[in-house]
Visitor: 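Starting off with a structure, shown below.
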Amino acid sequence: MNRFSAHRQLRLGLLLAASLALSACGSFGSRTAGKEPTPPNDSPFQKPFAVDAQTACAAANRALLGDGYLTDALSADKIKGRKSYRTDSDRSTVVEMTVVCLPDPDGGSTLYANGLRSTYDLKKSATPASIGVSVIGSVSLPIGQSADSMVKTLDETITEREFYRKFFTAVESILHSMGAEAGAKGKTPPAPPAPPAAP
């Protein structure tokens with residue numbers, strides 16, 4: 001009887017533990033299933049604009065040119081820019097920007113920008129020079145001549161938010177100026193003064 005009672009208590013305990021575990025799983029699922037908010041798109045590489053894609057691309061091209069880039073329009077909706085500068089005596093950096101302008105269903109557009117930073121280091125290698133010796137012939141010896149070459153040492157996508165924020169801010173400013181210029185050109189000129197009435 002004691003053995004049967006102990007066995008029964010063990011079974012009841014296992015059933016109770018299993019039911020608690022299932023209820024815990026159910027309550028966890030009910031708290032999270034379908035209620036997690038979708039995170040907003042906080043990508044630094046894109047920004048929507050309330051103008052058509054062609055106008056946005058034109059402003060992006062001006063923004064790159066104004067920042068010292070050499071630009072090339074690869075297509076109607078894609079621009080590439082390149083800028084290089086020297087960071088120290090033996091190192092140069094090249095920044096390449098690719099901007100894609102895509103239309104949105106609401107009539108606006110979205111700019112997608114991607115920057116690639118490449119670093120080049122100056123490498124010096126000694127070039128042997130041949131000198132003639134009458135007894136043993138010519139001998140190659142490094143006597144100070146060198147060949148300098150730039151070697152790529154780093155290639156990385158630019159991920160700094162401030163870099164893209166400045167670019168998109170420049171595009172916004174140019175779009176504002178373009179809108180102001182278009183408004184000024186669209187104004188009707190004032191009417192000429194009426195001729196004086198005949199006496």
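Atoms considered below: every heavy atom in the structure, side chains included; atoms not considered: hydrogens, waters and symmetry mates.
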Visitor: Please check if Phe167 and Tyr85 belong to a single hydrophobic cluster, counting links between Ile, Leu, Val, Met, Phe, Trp and Tyr side chain heavy atoms closer than 4.5 Å.
Guide: yes
Visitor: Which residues pass the side chain to side chain donor-acceptor pair (under 3.5 Å) test with Glu96, not counting sequence neighbours?
Guide: Arg82
Visitor: Do side-chain atoms of Ser173 reach the backbone of Thr169 as a donor and acceptor pair under 3.5 angstrom?
Guide: no
Visitor: When rounded to the nearest 0.5 angstrom, what is the spacing between CG in Asp72 and CD1 in Ile79?
Guide: 9.5 Å
Visitor: From Ile174 CD1 over to Leu64 CG, what is the distance, rounded to the nearest 0.5 angstrom?
Guide: 8.5 Å
Visitor: Atom CG in Asp121, atom OG1 in Thr153: separation rounded to 0.5 Å?
Guide: 3.5 Å
Visitor: How long is the straight-line distance from CZ of Arg86 back to CG of Leu122, given to the nearest 0.5 Å?
Guide: 7.5 Å
Visitor: Are side-chain heavy atoms of Phe163 and Val95 found at a separation under 4.5 Å?
Guide: yes
Visitor: Between Lys166, Met97, Lys83, which is the residue that forms a side-chain contact (heavy atoms from CB on, under 4.5 Å) with Asp67?
Guide: Lys83
Visitor: Could you go step by step and tell me if Asp104 and Thr110 meet the side chain to side chain donor-acceptor pair (under 3.5 Å) rule?
Guide: CA-CA 7 Å; Asp104 291 337; Thr110 299; 2.9 Å; yes
Visitor: Can you find a pair of side-chain heavy atoms, one from Thr93 and one from Thr119, that are under 4.5 Å apart?
Guide: yes
Visitor: What pair of heavy atoms forms the shortest contact from Cys101 to Ala53, and how long is it?
Guide: CB-O, 3.7 Å
Visitor: Establish whether Val100 and Phe49 are linked, either directly or via other cluster members, by ILVMFWY side-chain heavy-atom contacts under 4.5 Å.
Guide: no
Visitor: For Gln54, I'd like to know if atom CD has over 12 heavy atoms of other residues, nucleotides or ligands within 6.0 Å.
Guide: no
Visitor: My understanding is that only residues two or more places apart in sequence, or in another chain, count here; which of them pass ring-ring contact (aromatic ring centres under 6.0 Å, His included) with Phe45?
Guide: Tyr164
Visitor: Would you find a donor on one side and an acceptor on the other, under 3.5 Å apart, between the side chain of Ser109 and the backbone of Val51?
Guide: yes
Visitor: Contact between Arg161 and Asp42 at the side-chain level, heavy atoms closer than 4.5 Å - yes or no?
Guide: yes
Visitor: Would you say Ile158 and Val171 are hydrophobically clustered, going by side-chain heavy atoms of ILVMFWY under 4.5 Å?
Guide: yes
Visitor: For Phe168 and Pro44, which heavy atoms make the closest approach, and how far apart are they?
Guide: CE1-O, 3.5 Å
Visitor: Taking the side chain as every heavy atom from C-beta outward, state whether Arg117 and Leu154 have any atom pair closer than 4.5 Å.
Guide: no
Visitor: Could you tell me whether the side chain of Ser118 reaches within less than 4.5 Å of the side chain of Asp155, counting heavy atoms only?
Guide: yes
